[in-house]
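What follows is one structure encoded as structure tokens, with my remarks underneath.
The basis for the numbers below is simple: all heavy atoms, side chains too, and nothing from hydrogens, waters or symmetry mates.
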Amino acid sequence: VDVINQVCLNIGKDTFDFVLPLVCTVCFWNGVLYVAREAGMIAALEKVFHPFLKWLLPDLKEDEETLGYVATNITVNMFGLGSAATPVGLKAMEGMQRHNPKKDTASRSMVTFLVLNTAGVTLLPTTLIALRSEFHSLQVTDFMPWAVLCTMFASLVGIAVDRWWNHRD
């Protein structure tokens, strides 16, 4: 009974001590993202992705706004800011839904975008770095080359399977 009481009394503090550094990290990187957007860096990265996205999402070739949302989502996810990428991802899905002939079924572009969003390349996994730091890892960033390779491989396999699946229809 004493152990259960101690756990119940300390769970709030333990949760706060765990969540606060993560919230601070997300706020910091969202600020960096805002500065990058204002400096035009995000727009430059979006331009780099546009030809690739036009090939990958052929039914959106003419919808620059939706392609911009997709490019922004991919760019933000590359920096490990999934929480900041979510609103842009939802806007991208709304844009894709406008082109969807079957409103109750995900379109080809929606599925491809979901694959990219789920398995996307992460160059700077900020949340994972914050977690490792919070738990006093001696080498906070040692995993990064492996994380980049794994997410790159997952993206390539996801896109290959998506292309194969869509090509056979």
Side-chain angles (χ1 to χ4, degrees), residues 18 22 25-26 28-30 32-33 36-37 40-135 137-169:
F18 177 72
L22 291 177
T25 300
V26 168
F28 171 76
W29 285 107
N30 281 339
V32 169
L33 179 65
R37 186 181 318 125
M41 294 169 65
I42 300 296
L45 284 171
E46 287 176 7
K47 284 183 182 179
V48 169
F49 285 124
H50 266 273
F52 173 69
L53 292 176
K54 285 182 178 185
W55 169 78
L56 202 59
L57 309 168
D59 49 333
L60 300 178
K61 278 184 182 177
E62 304 305 318
D63 189 348
E64 292 294 323
E65 180 184 17
T66 301
L67 284 172
Y69 287 135
V70 172
T72 301
N73 179 275
I74 291 169
T75 303
V76 173
N77 272 325
M78 287 176 73
F79 294 103
L81 297 170
S83 60
T86 299
V88 181
L90 292 173
K91 286 284 191 188
M93 283 293 199
E94 284 176 8
M96 287 182 235
Q97 184 66 3
R98 287 194 305 264
H99 300 280
N100 189 359
K102 293 182 182 178
K103 300 297 183 194
D104 62 338
T105 305
S107 69
R108 174 181 172 185
S109 291
M110 289 174 160
V111 173
T112 303
F113 175 64
L114 188 60
V115 167
L116 281 176
N117 196 4
T118 304
V121 175
T122 303
L123 299 177
L124 187 62
T126 54
T127 304
L128 197 49
I129 291 170
L131 282 171
R132 288 175 58 96
S133 176
E134 177 64 24
F135 287 101
S137 173
L138 296 177
Q139 304 294 331
V140 176
T141 58
D142 273 3
F143 72 97
M144 284 183 53
W146 302 110
V148 171
L149 282 172
C150 288
T151 57
M152 195 176 300
F153 182 74
S155 295
L156 290 173
V157 169
I159 290 170
V161 169
D162 180 68
R163 295 290 93 190
W164 170 79
W165 187 267
N166 286 319
H167 204 332
R168 66 181 191 89
D169 287 341

Partner set under salt bridge (charged side-chain N to carboxylate O under 4.0 Å, His left out) for Arg98, not counting sequence neighbours: Asp63, Glu65

Any side-chain heavy atom of Val70 sitting closer than 4.5 Å to one from Leu56? no

Sequence neighbours left out, what passes side chain to side chain donor-acceptor pair (under 3.5 Å) with Asn73? Give chain and number order. Asn77

Residue list, side-chain contact (heavy atoms from CB on, under 4.5 Å) with Ala106, at least two apart or on another chain: Met110, Val111

Sub-4.5 Å side-chain heavy-atom contact between Thr66 and Phe113: no

By ring-ring contact (aromatic ring centres under 6.0 Å, His included), Phe18 pairs with (sequence neighbours left out) Phe135

Could you tell me whether the side chain of Val115 reaches within less than 4.5 Å of the side chain of Val161, counting heavy atoms only? no

Using side chain to side chain donor-acceptor pair (under 3.5 Å) as the criterion, list what pairs up with Glu94, not counting sequence neighbours. none

Please list, chain by chain and in numerical order, all residues satisfying salt bridge (charged side-chain N to carboxylate O under 4.0 Å, His left out) with Lys54, sequence neighbours excluded. Glu64

Residues forming a side-chain contact (heavy atoms from CB on, under 4.5 Å) with Ser133, sequence neighbours excluded: Val140

If we ignore hydrogens and angles and just use 3.5 Å, is the side chain of Arg132 paired with the main-chain N or O of Thr141 as donor and acceptor? no

Evaluate the side chain to side chain contact (heavy atoms under 4.5 Å, CB included) criterion for residues Leu123 and Met144: first the C-alpha distance (whole Å), next the side-chain angles of each, then the deciding distance (0.1 Å), finally the verdict. CA-CA 8 Å; Leu123 299 177; Met144 284 183 53; over 6 Å; no

What's the verdict on side chain to side chain contact (heavy atoms under 4.5 Å, CB included) for Phe52 and Ile159, showing C-alpha distance, side-chain angles and the deciding distance? CA-CA 12 Å; Phe52 173 69; Ile159 290 170; 3.9 Å; yes

Among all residues two or more places apart in sequence or in another chain, which pass the side-chain contact (heavy atoms from CB on, under 4.5 Å) test with Thr122? Pro125, Thr151

Hey, does the side chain of Thr112 reach the backbone of Leu57 with a donor-acceptor pair shorter than 3.5 angstrom? no

Any salt bridge (charged side-chain N to carboxylate O under 4.0 Å, His left out) involving residues 103-114? Give me the pairs, sequence neighbours left out, ordered by first then second residue. none

For Ser109, all residues meeting side chain to side chain donor-acceptor pair (under 3.5 Å), sequence neighbours excluded: Asp59

Pairing residues for Trp146 by the side-chain contact (heavy atoms from CB on, under 4.5 Å) criterion, not counting sequence neighbours: Leu149

If we only count heavy atoms from C-beta on, is the Met96 to Tyr69 side-chain gap below 4.5 Å? no

